[in-house]
*Asks:* 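One structure, as structure tokens, below. Some questions next.
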Amino acid sequence: MAYNVKIEKFEGPMDLLLELIEKEKLNITELSLAHVADQYLDYIKANDDIKLENLAEFLSVAAKLILIKSRALLPLLQFTEEEEEEIKDLAKQLEEYKKFKEASIVLGKLAEAGRISYARPGYAGVQTIFYPPEDINVYDFRKYFQFVLAEIPVVEQLDEEVVREVITLEEKINDLQNTLRQRVEMSFSELTTGATDKIDVILSFLAMLEMVKQRIIDVEQGELFEEIRLKNKTTSQF
Amino acid sequence: MEQEKLKSAIESILFVSGEPVAVAKIAKVTESSLEDVERSVAVLQEEYSAAKRGMVIIRKENEFQLATNPENAVVVEQLVKSEIQENLSKAGLEVLAIIAYRGPITRVEVEAIRGVNCSFTVRSLLMRGLLERIENPKDNRGYLYKISFDFLKKLGIDSIEKLPDYETLSKDDRIDSIIT
Amino acid sequence: MEQEKLKSAIESILFVSGEPVAVAKIAKVTESSLEDVERSVAVLQEEYSAAKRGMVIIRKENEFQLATNPENAVVVEQLVKSEIQENLSKAGLEVLAIIAYRGPITRVEVEAIRGVNCSFTVRSLLMRGLLERIENPKDNRGYLYKISFDFLKKLGIDSIEKLPDYETLSKDDRIDSIIT
């Protein structure tokens, strides 16, 4: 099941997702996203060396894929409006990304063809004339230099921001997994006793949903919006 | 200025400058109307391509630049060493493609499509002169990005509209669906 | 190379060079004979004058150079004047400030500090005599830029170290994080 690809290959989560879908020769739909969700999660799990600045983005897409996969397996599961929006947006975003990725390949070929137009050096051979601006003094120099200094991106600050983002996202994935568990009543903790990290828990949860799909366990729901109960099919009463 | 003279003057201006020159500046220097300048440049462009001249006139927004005919690149390269010959990375090409078809555009919008932070790539493309930035009228601390004349020259095309599939890719269906 | 192609190639070569090019060099890069080059240049010269083009081809001994048509001298003068007299843009002021506090400095370093390509800006400041360029001892094809002596005098200081807070600002460590 492990999906062996080198990390440098992917520019980001969209790039990875698109590759997974195209490898399976699928169109971009909610269903095909659900189909590659496990491979995607496996991939982030296997690649501990995803750069910190990209990890937040990979996790954000992971959260959306978990929602999509859960719905594909449990169509009766209710989603909040925000979750519905996230699911819809991911397929659209991927569709949009695909267009530009393909365009970038075409542009790359054009650039490589070497049909380059060259400019001429500006004002070549024109005599320089000393024409200083009238209204500038040494304090303007300081002002503009300080402005330039302030615009220089500070690397450390950026990192802190990303760390915070990753932590919030991990919490989000955690919450998501908790609420999904509450929505389907079952001893989920039994399934996850051997889990070593959060991704493991998520994978276990998805595995549970897979069992539903394969009718190893059963889902029961009295009425719309009522509690969903999971039962092991072999011990069920009917 | 009569058209024959104006055409000759425009050629001189674009030749001396060597850089992109605004239509308004040409109009001012030649004491002509914007329309007359536009018309004369269009005639020059036709003449250039009909006669397979050594130069082409590139247009971007309201500016024109004279550059060598891309057909002669192999010969010209033996005389010049230019930064635009350097190769582009995969990330660089993706960012350029989004900005070429959808610019002027903010960095956040580029990132929304790519799903990944692009600040490093955008900065390096700006430094190489393949992108330009202007202040964002809607956000006084932010910028809008667009492609540059150097990018068009690197691809050997004389206007953005000549990019492959420009018509379809420059349209944002999502925006259209919100408007209509 | 057939004559039509050769004519086009010669135009490209003369256009891009900005200085006189030897006939022998043109012959070499176009893989043509000296006679063919001479013949093609003669045809181009006739075409230029018949069509009153904006450029002329000048011959100096065994070299050719593309130059503006002298009939457009007034227009070209206007262009240069308007270029020089234009108000300094924000980019221009930033580049001046960087070169003032960090000069002598290469253009690439200025670009790394600003995060934006500066070739047009540097060219324009040079033309106005606000900058001077000197050869880079570490790179014999590149230049180092500094504020011109005339401009310093105009600012009322006799050396660059007299700029306000020069000691601290010129050593600001934010810049060291960008250029090594």
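Predicted model, so just to flag it, every value in this text is computed and none were measured.
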*Asks:* So which part of B:Phe149 gets closer than 4.5 Å to some heavy atom of chain A, the side chain, the backbone, both or neither?
*Replies:* neither
*Asks:* Pick from A:Gly114, A:Ala119, A:Gly12: which one has the most heavy-atom pairs with chain B under 4.5 Å?
*Replies:* A:Ala119
*Asks:* Do side-chain atoms of B:Thr68 reach the backbone of A:Tyr118 as a donor and acceptor pair under 3.5 angstrom?
*Replies:* yes
*Asks:* Please tell me if the side chains of B:Tyr101 and A:Lys99 come closer than 4.5 Å, counting only heavy atoms from C-beta onward.
*Replies:* no
*Asks:* Listed by residue number, which members of residues 105-112 of chain A have a heavy atom under 4.5 Å from any heavy atom of chain B?
*Replies:*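 Contacts with chain B: A:Val106, A:Leu107, A:Gly108, A:Leu110, A:Ala111.
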*Asks:* Between atom CD of A:Glu96 and atom CD1 of B:Ile98, what is the distance when rounded to the nearest 0.5 Å?
*Replies:*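 Separation between the atoms: 8.5 Å.
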*Asks:* Sort B:Val76 into side chain, backbone, both or neither according to what part of it lies under 4.5 angstrom from a heavy atom of chain A.
*Replies:*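 Contact with chain A involves the side chain of B:Val76 alone.
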*Asks:* Could you walk me through whether A:Tyr97 and B:Glu94 pass side chain to side chain donor-acceptor pair (under 3.5 Å), step by step?
*Replies:* CA-CA 9 Å; A:Tyr97 173 74; B:Glu94 281 186 25; 2.9 Å; yes
*Asks:* Are the side chain of A:Arg115 and the backbone N or O of B:Ala73 linked by a donor-acceptor pair below 3.5 Å?
*Replies:*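 No, A:Arg115 side chain to B:Ala73 backbone: no donor-acceptor pair under 3.5 Å.
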*Asks:* Are any of the side-chain heavy atoms of B:Glu77 and A:Ile116 separated by less than 4.5 Å?
*Replies:* yes
*Asks:* Just so I know, are the side chains of B:Gln65 and A:Ser117 near enough to count as touching, which here means a heavy-atom distance under 4.5 Å?
*Replies:*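 Of all side-chain heavy-atom pairs linking A:Ser117 with B:Gln65, none is under 4.5 Å.
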*Asks:* Does anything in residues 153-163 of chain B reach chain A? List residues with heavy atoms under 4.5 Å apart, or say none.
*Replies:* B:Lys153, B:Lys154, B:Leu155, B:Gly156, B:Leu163
*Asks:* So what's closer than 4.5 Å to chain B heavy atoms on A:Glu151: side chain, backbone, both or neither?
*Replies:*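 For A:Glu151, side-chain heavy atoms alone lie under 4.5 Å from chain B.
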